[in-house]
**Student:** 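Have a look at this one.
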Amino acid sequence: MLGSEVYAVVARIPPGKVATYGQVAELAGYAGRARQVGYALAALIDDAGVPWHRVINTRGQVSARSHTKLHELQRHLLECEGIVFVNDRVDLDESRWQPDEPWAGGDD
DNA sequence: GCAGTGACTAGTA
DNA sequence: ATACTAGCCACTG
């Protein structure tokens, strides 16, 4: 299940930082499958406890959903986290999560 | 198994 | 800068 790995990676994204789908996908072991990451995240939202809002696209923008207003919530949450939105987008150069040690701590 | 869809990304014009 | 195309692959009917 994509969700399980995506869950683990997203859960490691620190507050005040954001990660891209491709980044999460790669760390989760699904490099190149960014799309499936987004798909999996949608399922994770149904479950709670995952900072899914810290996952955005490579443009630094929150990706629009199909029917929900979750993207508005996502931006709000990110602003609360300390993310700075400029022209409706995030400065990835500053706010992008740079996992020096993606599995730091080993494995819990 | 086939076709359609989707919270994506990179390339080309 | 935007618009369009192609590739990616899991989920659903």
Side-chain angles (χ1 to χ4, degrees):
Chain A
M1 180 66 183
L2 280 166
S4 301
E5 296 302 311
V6 174
Y7 184 106
V9 175
V10 176
R12 293 182 185 285
I13 303 174
K17 292 291 181 179
V18 296
T20 66
Y21 295 97
Q23 185 174 9
V24 173
E26 186 173 7
L27 292 171
Y30 296 94
R33 283 173 259 189
R35 207 167 203 171
Q36 279 52 259
V37 171
Y39 190 94
L41 289 179
L44 296 181
I45 296 174
D46 186 62
D47 186 13
V50 182
W52 52 269
H53 57 267
R54 294 184 190 140
V55 184
I56 59 179
N57 59 28
T58 62
R59 295 182 175 182
Q61 302 178 288
V62 299
S63 299
R65 284 115 193 93
S66 300
H67 302 285
T68 72
K69 299 189 303 180
L70 255 37
H71 63 116
E72 295 180 10
L73 176 61
Q74 179 170 16
R75 175 172 172 165
H76 178 73
L77 290 171
L78 289 175
E79 292 180 313
C80 290
E81 291 289 326
I83 302 298
V84 180
F85 276 78
V86 180
N87 195 262
D88 295 312
R89 74 175 58 180
V90 177
D91 184 351
L92 290 176
D93 188 58
E94 294 294 319
S95 301
R96 189 178 186 192
W97 176 42
Q98 300 179 339
D100 298 278
E101 298 176 81
W103 298 104
D107 15 319
D108 293 348

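So that the names make sense, note that chain A is the first sequence line, chain B the second, and so on, each numbered from 1.
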**Student:** Round to a whole Å and report the spacing from CG of A:N57 to C1' of B:dG6.
**Tutor:** 14 Å
**Student:** Between A:R89 and A:R35, who's closer to the 5' end of DNA chain C by nearest nucleotide?
**Tutor:** A:R89
**Student:** For A:S63, give me all partners under side-chain hydrogen bond (donor to acceptor under 3.5 Å, both in side chains), at least two apart in sequence or on another chain.
**Tutor:** A:N57
**Student:** What does A:A25 touch in the nucleic acid at a heavy-atom separation under 4.0 angstrom: a base, only the sugar-phosphate, or nothing?
**Tutor:** nothing
**Student:** With hydrogens left out and only the distance checked, is there a donor-acceptor pair under 3.5 Å joining A:R65's side chain and the base of B:dG6?
**Tutor:**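 Per atom types, no contact qualifies.
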**Student:** Using the side-chain hydrogen bond (donor to acceptor under 3.5 Å, both in side chains) criterion, which residues pair with A:Q74? Sequence neighbours excluded.
**Tutor:**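 If we apply the side-chain hydrogen bond (donor to acceptor under 3.5 Å, both in side chains) test to A:Q74, skipping adjacent residues, the hits are A:R65.
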**Student:** Taking salt bridge (Lys or Arg N to Asp or Glu O under 4.0 Å) as the test, write out the residues that go with A:D88, two or more places apart.
**Tutor:**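 Once residues adjacent in sequence are excluded, the partners of A:D88 under the salt bridge (Lys or Arg N to Asp or Glu O under 4.0 Å) criterion are A:R75.
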**Student:** When you get a sec, tell me which of B:dT9, C:dC9, C:dC11 is the closest nucleotide to the side chain of A:Y39?
**Tutor:**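 Of all the options, the side chain of A:Y39 is nearest to C:dC11.
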**Student:** How many Å lie between CG on A:L92 and P on B:dC8, as a whole number?
**Tutor:** 15 Å
**Student:** Please confirm whether the backbone N or O of A:R89 pairs with a side-chain atom of A:N87, one donor and one acceptor, at under 3.5 Å?
**Tutor:** no
**Student:** If you only use heavy atoms from C-beta on, which nucleotide in C:dC9, C:dC11, B:dT9 is closest to the side chain of A:T20?
**Tutor:** B:dT9
**Student:** With sequence neighbours excluded, what pairs up with A:R33 under the side-chain hydrogen bond (donor to acceptor under 3.5 Å, both in side chains) test?
**Tutor:**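 Here no residue qualifies.
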**Student:** Figure out the CZ/P separation between A:R33 and B:dC8, and round it to whole Å.
**Tutor:** 17 Å
**Student:** Nearest-Å distance, CD (A:Q36) to C1' (C:dG7)?
**Tutor:**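 Going from A:Q36 (CD) to C:dG7 (C1'), I get 11 Å.
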**Student:** Check nucleotides 10-13 of chain B for protein N or O atoms closer than 3.5 Å to its own N or O atoms and list the pairs.
**Tutor:**
none

**Student:** Apply side-chain hydrogen bond (donor to acceptor under 3.5 Å, both in side chains) to A:E26 and list each qualifying residue two or more places apart in sequence or on a separate chain.
**Tutor:**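 Not a single residue meets the side-chain hydrogen bond (donor to acceptor under 3.5 Å, both in side chains) criterion with A:E26.
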**Student:** Within this structure, what is the CD-to-P distance between A:Q61 and B:dT9, rounded to whole angstrom?
**Tutor:** 11 Å
